Amino acid sequence: MKAPERNDARNSRKREGGDRYSLPARAGVSLKPDHYEIILAGAPDVGFFEVHPENYMGDGGPPHHFLSRVRERYSLSLHGVGLSIGGARDLDRDHLARLKTLIARYRPAQLSEHLAWSTHDTGFMNDLLPLPYTEETLAIVCRHIDEVQDVTGVRMLLENPSTYVAFRESDMDEIDFLEEVVRRTGCGLLLDVSNVFVSSTNRGIDPQAYLERFPLAHVGEVHLAGHAEDVDDDGARLLIDSHDRSVIDAVWELYGGVVTRMGPVPTLIEWDEEIPSWEVLFSEARTAEAVMRERAAPASETLDAVA
């Protein structure tokens, strides 16, 4: 059962301005210390940089020195990994306060987090764990998103997860869950196309059918990343969302379909492990921009497709 639409002033404020965000509709990359000097020396032609805010929550030092210089030249997106949006316990208010300070300092174009949990009782697990899609979980996620948006004053994007199993307890599917989160909170969505491919392969569903149902009108950013391959105990193919290699052709093709429906969209090349040379990362971003040029529908067709 859907909860009634809330009409309080805070929710109305979050909905003002539509569902698009201020990042340029170009390809961006993860900002890594390995590339600081190259980026600042060469000012490469990329659309934006994305960072995990948890890496910049200290008061100063080299991380802030370099991030400040990068921010002078480029748009910035904050992609959180530590809020535990789906966790049963209350959000960490100290973490939220540090996040608010970081936002005030760097004025990022947008803020995003994961549909996942990583806290339990007094512990924090360095992982992004999946959730059952139930009314109870929905209430927790919405409450936490409301709190994040109220404290920071920023509309948040929520990312679809990479999953390996489905919960028996779920009484709605992922798309319905995400749509209801957007309806109740006014947040936006971050569409991770690689997560769609990983989850669909692991769970035996059609990634194209999933994407055809995805509410693209609320998407403010797209993620692309590489994944590792393994097999489970039964010998079935198992994909791991590893962020440690190039995007594969099948994911590029899915991304092309998204771009055909949406038009150009801020797109991040996400690479967090086994960091490559700058040339490799920059080449992936160039590929994403080439796909946008080749596959983007004319503006009128795009508006019709996502309406």
Side-chain angles (χ1 to χ4, degrees), residues 20-53 55-56 66-67 69-79 81 106 108-112 157 159-160 162 189-198 211 216 219-228 241-297 302:
R20 289 305 179 96
Y21 295 79
S22 54
L23 282 178
R26 296 192 56 199
V29 299
S30 301
L31 179 64
K32 300 301 178 186
D34 311 58
H35 305 140
Y36 283 158
E37 297 290 354
I38 293 174
I39 292 165
L40 293 175
D45 184 23
V46 295
F48 63 96
F49 285 97
E50 185 173 88
V51 300
H52 298 311
N55 293 331
Y56 296 88
F66 286 107
L67 185 59
R69 294 180 64 192
V70 169
R71 180 65 184 90
E72 290 172 359
R73 304 181 184 185
Y74 297 95
S75 296
L76 188 66
S77 180
L78 300 185
H79 186 49
V81 295
Y106 289 106
Q110 61 195 28
L111 168 71
S112 56
L157 304 184
E159 179 183 339
N160 58 293
S162 58
L189 297 174
L190 190 161
L191 171 57
D192 192 314
V193 178
S194 297
N195 283 358
V196 172
F197 184 77
V198 166
L211 287 170
L216 296 181
V219 171
E221 185 179 334
V222 169
H223 276 191
L224 301 169
H227 61 267
D241 184 33
S242 55
H243 297 183
D244 63 354
R245 62 198 71 192
S246 296
V247 180
I248 69 168
D249 289 345
V251 173
W252 283 121
E253 184 58 32
L254 290 173
Y255 172 65
V258 169
V259 170
T260 297
R261 293 174 60 201
M262 287 192 70
V265 58
T267 300
L268 180 79
I269 303 299
E270 198 172 24
W271 203 313
D272 295 317
E273 301 290 340
E274 304 294 333
I275 306 300
S277 67
W278 171 255
E279 290 75 15
V280 170
L281 193 58
F282 184 59
S283 177
E284 292 279 285
R286 294 291 295 273
T287 299
E289 296 212 332
V291 173
M292 281 190 263
R293 288 193 300 271
E294 294 166 6
R295 298 289 295 271
T302 300

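Predicted, not measured: the structure shown is a model, and the values here were computed from it.
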> Between the side chain of E284 and the main-chain N/O of V247, is any donor-acceptor distance below 3.5 Å?
Replying inline: yes
>> Tell me every residue that passes side-chain contact (heavy atoms from CB on, under 4.5 Å) with P33, counting only those two or more places apart in sequence or in another chain.
In response: Y36
> Is the side chain of W252 donor-acceptor paired with the backbone N or O of L254 at a distance under 3.5 Å, no angle test?
Replying inline: no
>> Test side-chain hydrogen bond (donor to acceptor under 3.5 Å, both in side chains) on E221 and S112; report intermediate values, then the result.
In response: CA-CA 9 Å; E221 185 179 334; S112 56; 4.9 Å; no
> Of all residues at least two apart in sequence or in a different chain, which pass the side chain to side chain donor-acceptor pair (under 3.5 Å) check with T267?
Replying inline: Y255
>> For N160, is there any backbone N or O sitting under 3.5 Å from a side-chain donor or acceptor partner on D192?
In response: no
>> According to ring pair (Phe, Tyr, Trp, His ring centres under 6.0 Å), who are the partners of Y106, at least two apart in sequence or on a separate chain?
In response: H64
> To the nearest 0.5 Å, what is the distance between OG (S283) and CD1 (I269)?
Replying inline: 9.5 Å
> Sub-3.5 Å donor-acceptor pair from the side chain of S162 to the main-chain atoms of V198, do we have one?
Replying inline: no
> Does R69 have any side-chain contact (heavy atoms from CB on, under 4.5 Å) partners at least two apart in sequence or in another chain, and if so, which?
Replying inline: L40, H65
> Are L67 and L76 side-chain neighbours, meaning at least one heavy-atom pair lies under 4.5 Å?
Replying inline: yes
>> Once side-chain contact (heavy atoms from CB on, under 4.5 Å) is applied, do any residues pair with I38, and if so which ones, sequence neighbours excluded?
In response: W278
> For the atom pair CG (L111) and CG (L157), what is the distance rounded to the nearest 0.5 Å?
Replying inline: 7.5 Å
> Just wondering, do V222 and V193 contact through their side chains at under 4.5 Å, heavy atoms?
Replying inline: yes
> What pair of heavy atoms forms the shortest contact from W271 to D244, and how long is it?
Replying inline: NE1-C, 3.4 Å
>> Tell me which pairs pass side chain to side chain donor-acceptor pair (under 3.5 Å) where either residue lies in residues 23-32, with sequence neighbours left out.
In response: R26-D45, R26-E289, K32-D272
> CD1/I39 to CG/L31 distance, rounded to the nearest 0.5 angstrom?
Replying inline: 5.0 Å
> Hey, is the main chain of H52 close enough, under 3.5 Å, to the side chain of H79 for a donor-acceptor pair?
Replying inline: no
> Just wondering, do P24 and S75 contact through their side chains at under 4.5 Å, heavy atoms?
Replying inline: yes
> E253: what forms a salt bridge (charged side-chain N to carboxylate O under 4.0 Å, His left out) with it, not counting sequence neighbours?
Replying inline: R295
> Do R71 and F49 come within less than 4.5 Å of each other through their side chains, counting heavy atoms only?
Replying inline: no
> CG of N195 to NE2 of H223: how many Å apart, nearest 0.5 Å?
Replying inline: 9.5 Å
>> When you compare the side chain of V51 with that of L78, does any pair of heavy atoms fall below 4.5 Å?
In response: yes
>> My understanding is that only residues two or more places apart in sequence, or in another chain, count here; which of them pass side-chain contact (heavy atoms from CB on, under 4.5 Å) with S277?
In response: E279, V280
> Minimum heavy-atom separation for S242 to R245, with atom names?
Replying inline: OG-NE, 4.1 Å
>> Minimum heavy-atom separation for A109 and L23, please, with both atom names.
In response: CB-CD2, 3.4 Å
>> Would you say that V46 contacts F282 through its side chain, given a criterion of any heavy-atom pair below 4.5 Å between the two side chains?
In response: yes
>> Tell me every residue that passes ring pair (Phe, Tyr, Trp, His ring centres under 6.0 Å) with F197, counting only those two or more places apart in sequence or in another chain.
In response: H227
> Which pair of heavy atoms, one from A27 and one from A285, lies closest together, and at what distance?
Replying inline: CB-O, 3.4 Å
